[in-house]
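Structure, as structure tokens:
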Amino acid sequence: MLRVRFAPSPTGFLHIGGARTYIFNWLFARQKQGTMVLRIDDTDVERNTEASRQSIFEGLRWLELPWDELYSQSERSALHREAAGAILAKGLAYRDFTPLGGQAEEGEKDRSGAPWLCNPGQREISREESDRRAAAGEPFVVRFRVPRETVAEVRFGDAVYGGQGRSTGDIEDFALARSDGAPTYHLASCADDADLRISHIIRGQDHLTNTFKHVLIFEALGVKPPEFAHLPLLLAPDGAKLSKRRHGQVVSVTAYREAGFLPHAFINFLSLLGWSPKDNREILTRQELIELFSLDNINRSNAVVSFQEGVADWPDPKAMHLNGQHLRALAIDDLLPYVEAELRAADLWTGPDPAWFRATVDLIRSRYTTLKDFSRRGVAYFSDRFEMEPTALERLNALGARQLVAELGERLAATEEFTEQSVEAQLRALAAERGVKAGVIINAARAALTGQSVGPSAFAVFRAVGRERAIARLQAAGC
Ligand code: GLU
């Protein structure tokens with residue numbers, strides 16, 4: 001049974017890199033009828049925040065890719081202690097009583113510049129002495145006893161980066177539990193992955209080197225390590241790591257939602273960062289992504305998120321293009337709830353007639369790119385409070401145009417019939433009588449009805465705006 005997990009630490013907002021990791025795990029799970037586990041890695045009490053936890057849930061819920069199981073590491077500390085105890089009991093870990101402060105940190109070098117491997121004298125403490133000192137309350141750190149007798153290689157296969165190996169001579173005796181008993185990330189993560197029977201670990205490439213330690217822990221716990229797939233990093237166009245400070249909204253999932261992205265389009269956009277289908281198609285539905293996704297097609301090279309530096313240019317044109325494509329391709333009934341939510345948020349929702357709403361959204365979406373367009377560019381369809389764009393004003397101010405639209409308003413008011421055909425016939429008759437091109441009245445009417453100079457066919461606009469409102473707007477334009 002395939003089981004994957006996404007294991008964010010709630011120490012910041014949900015980053016697009018995290019969302020991409022979640023998406024890849026989810027697609028893989030759905031394709032293989034597996035299980036998607038969401039595990040909040042909240043063991044770092046000092047750095048965790050509730051706001052971050054909420055940002056993770058909010059961002060992931062917005063993706064509409066539901067997880068199957070949910071865990072918080074903080075509720076599993078008994079399991080972590082048990083795992084540390086089991087490794088200690090097997091002699092594969094030891095207590096390091098070096099006074100705090102004298103403890104070396106991971107990755108430190110010793111005086112000769114060689115990697116620090118362990119604190120002197122600690123590995124040799126006998127079990128009896130170790131137990132006695134622990135029972136007497138002396139503080140200690142539990143460290144993994146990396147084999148030193150013979151230099152061996154720790155090996156694992158990575159679905160993206162291929163076979164990996166590192167000599168035990170280059171791996172320090174890393175901590176499993178701190179002096180307050182709290183598990184380290186390495187221990188908690190592996191103990192949970194083992195307990196939750198995770199079969200594939202798909203995560204960021206920044207964890208590739210941690211994996212050697214993880215393989216040692218899995219083996220010490222007596223379980224077969226899962227399969228691994230590490231994902232290339234997401235970089236800015238200048239090769240820098242994406243950061244909120246430097247790159248602003250581009251890295252924040254919520255910012256895409258607020259910019260009016262559809263989750264389907266956002267998923268499509270992120271899935272193409274570091275992965276591509278064999279046929280290089282770009283517009284992919286969620287179902288197509290489930291079918292096409294494969295670990296084999298993940299690239300090793302870092303994925304560049306194309307965007308222009310500077311907030312004004314965000315979201316980048318490619319992401320916008322994808323969103324526009326999805327906005328038009330989505331079955332209309334699937335799009336309506338998003339548009340309704342957007343109109344509600346903009347205080348433009350009046351509970352319109354469902355058939356009218358459906359037809360109107362379908363009409364105007366053909367030129368739109370984001371959901372925001374419905375509440376901004378489309379405001380005249382949903383409210384009388386709309387502004388006139390300068391180009392629309394020009395059309396309306398063309399010589400005689402205001403009077404012509406007002407007259408058209410009078411004529412429409414005098415007839416009951418109000419269809420695209422009847423409006424067109426009346427408009428053309430008026431143009432012929434006044435000796436002007438029909439286009440002049442059409443352009444001015446579109447401006448009066450919507451405040452805009454471009455849009456769908458003017459006669460379709462009449463229908464969408466409706467008889468009463470159309471007449472009122474045409475008449476008002478004449479004043
Ligand atoms: N909590 C870790 C992180 O956010 C999880 C890494 C992993 O997937 O093992 O980086």
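Order of listing sets the numbers, starting from 1, for every ligand and every atom in it.
- Partner F212 forms a ring pair (Phe, Tyr, Trp, His ring centres under 6.0 Å) with one of F174, F156, F228 and no other, that one being F156.
- If you run salt bridge (charged side-chain N to carboxylate O under 4.0 Å, His left out) between D173 and each of R95, R143, R123, only R123 comes through.
- Look at R377 and D373 and you find a salt bridge, because one of the NZ, NE, NH1 or NH2 atoms lies within 4.0 Å of a carboxylate O, short of that distance.
- The single protein non-hydrogen atom nearest to atom 2 (C) of ligand 1 is A7 O, 3.4 Å, given as residue, atom name and distance.
- In terms of protein heavy-atom proximity, atom 10 (O) of ligand 1 is closest to H207 NE2, 2.8 Å.
- When only non-hydrogen protein atoms are considered, atom 9 (O) of ligand 1 lies nearest to Y185 OH, 2.7 Å.
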Under the salt bridge (charged side-chain N to carboxylate O under 4.0 Å, His left out) rule, what do R3 and D68 come out as? Steps first, then yes or no, please.
CA-CA 10 Å; R3 291 173 62 84; D68 304 306; over 6 Å; no

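- Closest protein heavy atom to atom 8 (O) of ligand 1: R5 NH1, 2.6 Å.
- Some N or O of D41 is nearer than 3.5 Å to an N or O of ligand 1, by distance alone.
- Residue-to-ligand polar distances keep P8 apart from ligand 1: every N/O pair is separated by 3.5 Å or more.
- Ring-plane geometry between F57 and W67 is classed as tilted, the angle between the planes lying from 30 to 60 degrees on a 0 to 90 degree scale.
- Both the sub-6.0 Å distance and the 45° axial angle are satisfied by R76 relative to the ring of Y71.
- With a 4.0 Å cut-off on non-hydrogen atoms, S189 touches ligand 1 through its side chain and not its backbone.
- When each atom of ligand 1 is checked for a heavy atom of R203 under 4.0 Å away, the hits are 7 (C), 8 (O), 9 (O).
- Below 30°, between 30° and 60°, or above 60°: for F293 and F24 the angle between ring planes is between 30° and 60°, a tilted geometry.
- Not a single heavy atom of H214 lies less than 4.0 angstrom from ligand 1.
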